[in-house]
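Everything below concerns the one structure shown next.
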Amino acid sequence: MCRNIRTLHNFEPHATSDEVYAAALQYVRKIVGTTKPSQANAEAFDRAVEEVAHTTQHLLDALVTNAPAKNREVEAEKRRARYEARA
């Protein structure tokens with residue numbers, strides 16, 4: 001998985017629409033292989049981001065779990081520790 005795409009499921013509070021959109025944007029960028037599409041492809045790129053974000057939100061709304069919700073700060077600290085170990 002792309003390191004820039006974060007897990008959004010099972011957090012309290014739930015993922016915001018901005019977080020879902022950011023993940024969708026990163027996903028589409030990864031698939032397309034560019035961070036900014038050409039003018040000719042901008043409409044298709046933007047539409048893909050919107051559709052992926054919409055579908056992702058539906059997925060997150062439909063998922064159920066019995067596991068306790070994760071803490072964003074604890075997970076962020078784990079990411080920082082993994083980053084430090086790689087550096």
Side-chain angles (χ1 to χ4, degrees):
M1 181 189 292
C2 181
R3 284 187 210 138
N4 294 329
I5 299 176
R6 304 286 180 229
T7 301
L8 300 177
H9 176 60
N10 198 26
F11 279 99
E12 195 58 47
H14 297 294
T16 65
S17 57
D18 288 341
E19 290 172 311
V20 171
Y21 182 86
L25 179 60
Q26 288 293 351
Y27 174 77
V28 173
R29 284 176 173 171
K30 185 72 168 184
I31 296 301
V32 173
T34 184
T35 58
K36 186 174 182 202
S38 65
Q39 286 183 337
N41 294 323
E43 184 180 333
F45 184 92
D46 293 340
R47 186 174 55 248
V49 172
E50 290 298 328
E51 289 175 3
V52 169
H54 180 76
T55 302
T56 300
Q57 189 62 62
H58 281 289
L59 172 63
L60 291 172
D61 292 344
L63 292 173
V64 295
T65 183
N66 291 328
K70 296 179 237 173
N71 180 297
R72 291 179 189 281
E73 294 302 319
V74 170
E75 295 302 314
E77 185 57 40
K78 288 179 186 178
R79 280 195 310 272
R80 284 190 284 277
R82 285 192 301 269
Y83 174 78
E84 294 288 326
R86 282 194 308 262

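The two residues P37 and A42 come nearest to each other via the heavy atoms CG-CA, 3.8 Å. When all heavy atoms of V49 and Y21 are compared, the closest pair comes out as CG1-CE1, 3.4 Å.
More than 12 heavy atoms of other residues, nucleotides or ligands sit less than 6.0 Å from atom NE2 of H9.
Counting only residues at least two apart or in different chains, salt bridge (Lys or Arg N to Asp or Glu O under 4.0 Å) contacts with residues 53-72 comprise E19-R72. Contacts classified as salt bridge (Lys or Arg N to Asp or Glu O under 4.0 Å) and involving residues 43-58 (residues at least two apart or in different chains) are given here: E43-R47.
Within the 4.5 Å cutoff, the side chain of F45 has no heavy atoms near those of the K36 side chain.
To the nearest 0.5 Å, atoms CZ (F11) and CG (L60) are separated by 11.0 Å. Atom CD of residue E77 and atom CD of residue E75 lie 11.0 Å apart, to the nearest 0.5 angstrom. Put simply, NE2 on H14 and CD on Q57 are 10.0 Å apart, with the number rounded to the nearest 0.5 Å.
Under the 4.5 Å side-chain heavy-atom criterion for ILVMFWY residues, no single connected hydrophobic cluster contains both L8 and Y27. Clustering ILVMFWY residues whenever any of their side-chain heavy atoms sit less than 4.5 angstrom apart, transitively, puts L59 in a cluster other than the one holding V52.
Remark: D18 engages no residue in a side-chain hydrogen bond (donor to acceptor under 3.5 Å, both in side chains) (not counting sequence neighbours).
At distances below 3.5 Å, not a single donor-acceptor pair connects side-chain atoms of R29 with backbone N or O atoms of T34. Side-chain atoms of N10 do not come within 3.5 Å of backbone N or O of T65 as any donor-acceptor pair.
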